[in-house]
Structure formats: C-alpha cells, structure tokens
Amino acid sequence: MSGSDIRDILEIGKPTANDNVPRKAKPTIEKRPEGISRELYSLIGGPPPASLLQPTYKAKFTTKKKAVPWALHSFTNPARSDDLELYHWIRAKEANQKGYPFCRFDSPRDMLHYTNDEYDNYLKDHSWSKEETDVLMRLCDKYDLKFTVIADRFDVDPQRPRSIEDIKERFYTVQERLHEIHGQPYEHSFNKEREVARKHARRVLFARTKEEQEQEDYVAGEVQRLEQQRAKLAKERDHVRTLLDQNTQQQQALIPLTKKKGKPKDPSKEKKRKRKLDKEDAEAKSKMLPGVAVQSQMLSNVKQHLQSKSFKILNELGIGSRPVMPTAAICQRFQVLEHSITTLLELKKAVDKMEVEHRISQKRRRTSATG
Amino acid sequence: MASNKRVKGLIVSRPIYYGNIATPITGKKPANPDHTHRWTVMVKGLNNEDLSYYIRKVVFKLHETYPNPLRSIEQPPFELTETGWGEFEIMIKIHFQPITSEKPVTLYHHLRLHPFEDDLQGQPWPKDKPVLSLLYDELVFNEPTEAFREVLVKNNAMQPNLPTKKPASKDPSTPEFSEQLEKEELERLDNAQKEVNAEIIRLKQRMAALDNE
C-alpha cells in the first residue's frame with residue numbers, strides 16, 4: 001500500500017514536515033566556497049568552530065571621576081513678552097545661578113515708531129508710499145531687523161522690487177528723522193552707495209578664481225621684495241659714497257718719492273707739507289707694531305669676490321698684481337690705486353643696478369600709458 | 001753702552017733684492033737629466049752693499065729631494081749655488097744680528113730655471129742665456145733699538161740710498177732697481193690712478209643723472 005492510498009483512506013491532506021523526521025537525514029554537504037574544489041576545502045577547512053573563538057571583553061568601565069548630578073530645571077526667557085515656562089537640563093551646581101544665557105540675543109530693538117501725523121509731516125518720500133513704509137516697519141518689528149528676511153518678505157509691489165540696500169536706506173532715514181524729532185541721538189548712519197559698492201567688492205572677492213588669487217599673492221610678494229630691494233640698494237649706495245670719500249682722502253695724503261738728499265723746493269710749502277705728512281705718518285706708524293716687517297708683505301689684499309675683476313683692470317692699465325719695486329711710496333700709491341679700483345667696481349655695480357631698475361620703470365610707464 | 005730701548009716714531013727701511021740666476025748646463029760630457037741647470041739663489045743689498053752689519057745668517061730651505069735641504073749661509077755673500085732640473089719654492093729665512101734684537105723674517109721665492117719671457121727683441125730666448133728672477137723688497141724696521149740705530153748710522157744706512165739711475169750695462173747680475181725705476185713705476189701708477197679717477201667721475205655723473213630721473 002503506498003502512502004497516497006493510506007492518505008485517501010484516512011482523508012488526511014498533504015504529508016506534513018513531521019512525517020519526514022524518521023527519514024534518514026542526508027548529511028548536508030557543504031559546498032560553501034565558490035571556486036574552491038571540494039578536496040581543497042576539506043584540507044583548509046571551513047570557518048573555525050565557535051568554541052575556538054574567544055570572546056573579547058571590553059574593559060570594565062572604571063573612572064575616578066564622580067558622577068555629576070544634573071537637574072531638570074524650569075526657566076523663563078525674560079526677553080519674551082509672555083511668561084512661557086520651559087524646562088531644560090543643567091548641572092545641579094549651576095541650577096539657580098545665572099539667568100537664561102541666551103536671552104541676550106533676543107534684546108528688543110530700540111526702534112521708534114511714527115504716528116500718522118508724524119509721517120505726513122516729516123517722513124514723506126517720493127519713491128516710498130506710506131503703505132510701503134508701514135509694511136516695512138511691521139516687517140522690521142516682526143523679523144527683528146534681519147534685513148535679508150525682511151527684503152525677502154517685502155512684496156508690496158511686484159513690479160518694483162526693493163533691494164536690501166533700498167530697504168535699509170528707507171529704514172535708517174526714517175529712524176534718523178524720528179530720533180531727531182524726539183530729540184534722541186541716533187548713531188547709525190547708512191550710506192547706500194558705499195554699501196552697494198562694498199557688497200559688490202565683497203562678491204567679486206569671493207568669486208575670485210584660483211588663478212586670480214595666485215596672481216594676487218604673487219604680486220603682493222613682488223611688492224614686498226621690491227621694497228626690500230630698495231632698502232638694500234640705498235644701503236649699498238651709502239657704502240659706495242663712503243668709499244668715494246675715503247678715496248679722495250687717500251689721494252690727498254701721499255708719501256713723496258724716496259730721495260737720497262731732499263732739496264726743499266719751497267720752504268713754506270715744505271713746512272706745510274711736512275706738518276700734514278707728519279700727522280699722516282704718525283697715524284700710519286701707530287698701526288705698525290715695533291719690529292721688522294717686509295714691505296711687500298704689508299700690502300693688504302683686495303676682497304675675495306672682487307679679486308679677479310680688480311686684477312683684470314690692473315692688467316688693462318699696464319700694471320702687474322704686485323709692484324715691481326715695492327718702496328714705501330710705491331706701496332702706498334699701489335694700495336690707493338687698489339682701493340680706487342674697488343670703489344670703481346662697487347660704483348659700477350650700483351650704477352648697473354640703477355640702470356636696470358630705470359629701464360624696468362620706463363617700460364612699465366610706457367605700457368601703462370599705452371595700455 | 002747703547003740700550004735696548006726702542007726709538008719711538010722712527011722707521012728705517014733697508015732695501016734688498018733676492019732671487020735666483022740660472023744657466024743651463026752644457027758641456028761636452030753627456031747631459032745628466034737630473035742636473036740640467038746650475039742655479040744660484042741669493043739675498044743681496046743694492047750698490048753691492050755688505051749686509052753683514054745687520055744680517056747674521058740666511059737659511060735657504062730647498063726641496064726635500066735635496067740632501068740636507070736646510071742650507072745655512074753665515075757670512076756674506078749670502079748666496080747658494082746648486083744644480084738641478086726642476087723649479088720649486090725656496091723658503092728664505094733671514095736672521096738678524098743680535099744687536100738688532102729682531103726676530104727672523106721669512107721670504108718665499110719660486111726658483112726659475114726656464115725662460116718665461118721673450119728676449120727684448122721679441123725673439124725666443126737664446127739657449128745659453130741665463131734666466132733671472134730677482135725681486136726687490138724692503139726690510140722695514142719700526143722703532144729700532146738705540147743700539148741698532150747706532151749701527152745703522154755708522155754704516156750710513158739710515159736712508160734707503162737707492163742708486164740714482166738704472167745700471168748702464170745690461171749685466172744680468174746687477175738689477176735695475178734704482179730711483180729712476182721707482183720714478184717710472186710711480187708714473188705708471190699715477191697714470192693708472194688718473195684713468196680710474198676719470199672713470200669714477202663718469203660713473204658718478206651717470207648715477208646723478210639716474211637719480212634725477
């Protein structure tokens with residue numbers, strides 16, 4: 001007898017899940033991993049059994065701080081016109097101290113309102129009707145002088161839209177006159193043109209592209225660098241001037257040739273020269289230490305970076321790097337000459353720089369004149 | 001007895017010249033490559049002055065390859081002759097007489113064996129002509145002792161006493177150092193100075209012009 005026949009006889013419906021229990025349960029073959037062969041999977045093994053995994057415990061919450069008590073506290077906002085009572089949580093310590101701290105942001109504006117008479121007498125304006133001004137005052141009251149909102153809500157005449165600056169101008173003019181009338185000082189002054197220009201400039205500034213910003217930074221950097229350059233050039237020029245002065249001084253006080261017997265040319269001139277020379281000699285001698293020295297070794301050298309140029313100039317003038325016959329007179333004159341050459345080189349450097357700057361400024365002037 | 005006190009404000013310069021003369025060695029014997037030149041290094045005074053009244057000895061320090069490179073010459077003439085093949089730097093140390101109470105002075109001289117310039121007529125240097133390298137210098141005594149001053153006076157050495165004119169003969173051993181040579185050099189320096197001054201003035205004018213623009 002088959003199962004279906006029995007079911008018919010006993011009038012039972014479809015076989016339920018319970019009937020399948022005594023059936024031998026097929027071992028479920030896990031074909032879990034996609035792509036891995038069965039053999040490989042049996043080698044690797046599936047996920048580890050749960051008993052091997054140890055649970056990670058979070059550290060017990062311990063802290064030295066004591067629990068801070070908070071309290072649900074009722075408060076009123078003195079800036080409100082009604083006596084609305086609200087609740088908020090604050091620390092138990094601060095429960096009764098300060099008032100509601102945010103009430104200062106809700107301070108009522110010291111806005112004066114006009115009567116109809118006052119309007120007719122003082123506040124008439126050709127571009128603003130009384131209606132519009134009334135609406136404006138009401139909006140200012142309602143929105144607490146937040147002009148962006150007021151301008152948005154101000155929709156009296158759709159064909160004549162008012163900008164924020166127009167509205168502000170009207171408002172401040174009204175307020176100023178009202179304060180005048182009532183004899184109260186009013187310090188807010190509103191300059192419409194300046195405001196419009198300022199806002200435009202602000203918008204342009206905000207809308208600068210990255211390149212423009214980089215250009216501006218670059219130009220600012222250049223300006224700073226030029227200023228520094230100017231200061232440095234001025235210093236160099238002073239240095240050159242002192243060199244020039246020293247130069248002329250040196251050339252005026254020169255030792256005469258070494259002579260076997262000095263025949264005085266002119267007694268008075270000789271005396272004057274002698275006095276001057278004695279003074280210079282005393283100065284020179286004071287620099288020398290007592291003892292013996294070699295004349296050629298007393299020649300001081302030119303500065304490192306100018307050495308090669310100085311040498312070139314000496315060559316052009318037909319003079320070697322060291323005097324042929326280093327007597328005292330010649331050594332002194334040689335030093336003076338080297339000093340003059342140094343002065344000449346510094347001067348040339350300064351003048352070259354000036355020429356370059358001059359040329360640049362001329363070019364700039366020309367382009368700005370034509371451009 | 002003159003003291004060792006120094007005479008304030010007195011400067012005495014003694015002119016000298018130093019350097020070398022070199023002649024190539026030619027001979028009938030086969031040439032020795034290590035000894036191609038005979039040279040003499042010296043320290044001398046002008047006018048054939050005898051320097052021994054203030055110079056005690058001169059020590060020439062030669063290249064290490066010479067045996068006993070420190071050669072001390074303790075009587076005039078203060079010179080040394082040797083043979084060799086190469087040019088090198090000789091250190092010359094002049095030691096003064098004790099009466100001067102002065103420390104020794106060091107000079108350096110590059111030994112010249114090979115001609116480094118053409119003959120006066122622009123022809124290449126003749127093979128047998130000696131090569132000269134003589135340099136003028138002055139020993140400057142600042143505030144010499146009284147004793148030394150007496151010595152100087154005795155030897156008529158208070159003034160440089162340069163020969164007036166350049167030597168007439170072209171004898172290589174007498175150098176040209178003289179008042180005449182000094183005057184020539186001074187003129188050259190003065191001319192150079194004038195040119196430099198002119199250039200400076202020109203630049204100053206240019207600077208003033210740029211300042212005004």
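Letters A, B, ... mirror the listed sequences (proteins, then strands); counts begin at 1. The basis for the numbers below is simple: all heavy atoms, side chains too, and nothing from hydrogens, waters or symmetry mates.
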Which atoms of [X] come close to chain B, meaning under 4.5 Å heavy atom to heavy atom: side chain ones, backbone ones, both, or neither?
X        : answer
A:Leu314 : neither
A:Leu344 : both
A:Glu316 : neither
A:Val240 : neither

[options]: which one forms the most heavy-atom pairs within less than 4.5 Å of chain A?
options                      : value
B:Leu181, B:Thr145, B:Asp137 : B:Asp137
B:Ile16, B:Val196, B:Leu210  : B:Leu210
B:Val12, B:Ile94, B:Asn197   : B:Asn197

Would you mind checking if [Y] and [X] are paired as a salt bridge, meaning a charged N to carboxylate O distance below 4.0 Å?
X        : Y        : value
B:Glu146 : B:Arg6   : no
A:Lys353 : A:Glu236 : yes
B:Lys194 : B:Asp190 : no
B:Glu179 : B:Lys165 : no
B:Glu49  : B:Arg14  : yes

Quick one about [Y] and [X] (side-chain donor to acceptor, distance below 3.5 Å, no hydrogens or angles considered), yes or no?
X        : Y        : answer
A:Asn191 : A:Glu195 : no
B:Glu74  : B:Ser72  : yes
A:His339 : A:Gln246 : yes
A:Asp166 : A:Ser163 : yes

Taking atom [atom1] of [X] as the centre, does the number of heavy atoms from other residues, nucleotides or ligands within less than 6.0 Å exceed 12?
X        : atom1 : answer
B:Asn48  : CG    : no
A:Lys232 : NZ    : no
A:Arg208 : CZ    : yes

**Study point:** B:Glu138 (side chain) donor-acceptor with B:Pro15 (main chain) under 3.5 angstrom
**Key:** no
Given heavy-atom pairs under 4.5 angstrom as the criterion, report whether the side chain, backbone, both or neither of [X] touches chain A.
X        : value
B:Glu199 : both
B:Asn191 : neither
B:Phe96  : side chain

What residues of [range] make heavy-atom contacts with chain A at a cutoff under 4.5 angstrom?
range                       : answer
residues 51-59 of chain B   : none
residues 200-208 of chain B : B:Ile200, B:Leu203, B:Lys204, B:Arg206, B:Met207
residues 99-109 of chain B  : B:Glu102, B:Lys103, B:Val105, B:Thr106, B:Leu107

Exercise for review: Heavy atoms only, distances under 4.5 angstrom: which of A:Pro323, A:Gly318, A:Ala350 has the most pairs with chain B? Name it, please.
Suggested key: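 Among the listed options, the one with the most contacts to chain B is A:Pro323.
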Point to revise | Side chain proximity check, B:Trp39 to B:Glu82, heavy atoms < 4.5 angstrom | key: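 B:Trp39 reaches B:Glu82 side chain to side chain.
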Exercise for review: Answer with yes or no after comparing the ring centroid distance for B:Tyr66 and B:Phe88 against a 6.0 Å cut-off, counting only values under it.
Suggested key: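 For B:Tyr66 and B:Phe88, the ring centres are under 6.0 Å apart.
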**Study point:** Sequence neighbours excluded, every pair satisfying ring-ring contact (aromatic ring centres under 6.0 Å, His included) that has a member inside residues 187-214 of chain A
**Key:**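 For residues 187-214 of chain A, and leaving out neighbouring residues, the ring-ring contact (aromatic ring centres under 6.0 Å, His included) pairs sorted by first residue read A:Tyr172-A:Phe190, A:Tyr186-A:His188.
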Check your understanding: Could you go step by step and tell me if B:Phe177 and B:Tyr136 meet the ring pair (Phe, Tyr, Trp, His ring centres under 6.0 Å) rule?
Key -> CA-CA 7 Å; B:Phe177 307 118; B:Tyr136 174 92; 5.3 Å; yes
Practice item. Nearest 0.5 Å please: distance from the OG atom of A:Ser340 over to the CG atom of A:Leu243. Key: 10.0 Å
